[in-house]
Amino acid sequence: MATPTVTAALNGSVFTPGQQMLLTVTYSDADTQPLTVTIVITDAKGNSSAPVKTTVVIDPLTLTVTDDSGRAWSRISDNGAVAVYRSVA
């Protein structure tokens with residue numbers, strides 16, 4: 001299995017108390033694989049349903065943001081490759 005990669009950047013390097021902090025995280029995993037599964041049901045007489053498709057992800061990623069002050073970080077957006085988190089200094 002490949003090791004996930006991640007980069008992160010804050011919207012500043014110095015913050016005053018109460019100031020909004022935005023953290024942008026870019027991440028990926030070379031071996032994460034989307035997969036489509038197609039299901040058809042057939043009865044004993046040979047009658048078949050219409051195909052139904054569903055998608056799954058093999059080796060999904062989980063993104064967790066913490067800091068050493070115990071500050072809460074709220075996810076603003078996440079498209080599966082770039083996530084933005086917000087907190088207050």
Side-chain angles (χ1 to χ4, degrees):
M1 295 178 92
T3 301
T5 60
V6 63
T7 60
L10 282 165
N11 63 320
S13 59
V14 177
F15 298 91
T16 59
Q19 187 177 2
Q20 176 178 270
M21 299 184 298
L22 294 176
L23 174 67
T24 302
V25 181
T26 304
Y27 62 98
S28 65
D29 188 359
D31 65 353
T32 296
Q33 302 172 18
L35 178 71
T36 301
V37 177
T38 303
I39 301 121
V40 175
I41 302 297
T42 305
D43 65 16
K45 294 182 181 181
N47 300 311
S48 296
S49 69
V52 176
K53 293 185 178 188
T54 188
T55 58
V56 298
V57 176
I58 307 299
D59 193 20
L61 297 173
T62 302
L63 180 59
T64 305
V65 176
T66 60
D67 68 33
D68 59 6
S69 74
R71 179 177 290 107
W73 289 87
S74 301
R75 184 176 58 213
I76 296 172
S77 64
D78 187 349
N79 67 9
V82 178
V84 177
Y85 286 79
R86 174 178 41 219
S87 192
V88 177

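It should be emphasised that the depicted structure is a prediction, and the values quoted were computed from it without experimental measurement.
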### Task
Without swapping roles, check the side chain of Thr38 against the backbone of Pro51 for a donor-acceptor pair under 3.5 Å.
no
#### Entry: Distance (rounded to the nearest 0.5 Å) between Ile76 CD1 and Thr24 OG1
8.5 Å
### Task
Quick one: pull up CG in Asn47 and OG1 in Thr42 and give me the separation to the nearest 0.5 Å.
8.5 Å
## Note on the structure
Contacts of Asp78 meeting salt bridge (charged side-chain N to carboxylate O under 4.0 Å, His left out) (sequence neighbours excluded), chain-then-number -> none
### Task
Give a yes or no on whether the backbone of Val82 and the side-chain of Thr26 come within a donor-acceptor separation of less than 3.5 Å.
no
#### Entry: Shortest non-hydrogen separation from Ser87 to Ala72 and the atoms involved
OG-O, 2.7 Å
### Task
Mind checking salt bridge (charged side-chain N to carboxylate O under 4.0 Å, His left out) for Arg71 and listing every partner two or more places apart, or none if nothing turns up?
Asp67
### Task
Output the rest of the hydrophobic cluster of Leu10: all Ile, Leu, Val, Met, Phe, Trp and Tyr residues reachable through side-chain heavy-atom contacts under 4.5 Å, sorted by chain and number.
Val6, Phe15, Met21, Leu23, Val25, Tyr27, Leu61, Leu63, Val65, Trp73, Tyr85
### Task
Without swapping roles, check the side chain of Thr32 against the backbone of Asp59 for a donor-acceptor pair under 3.5 Å.
yes
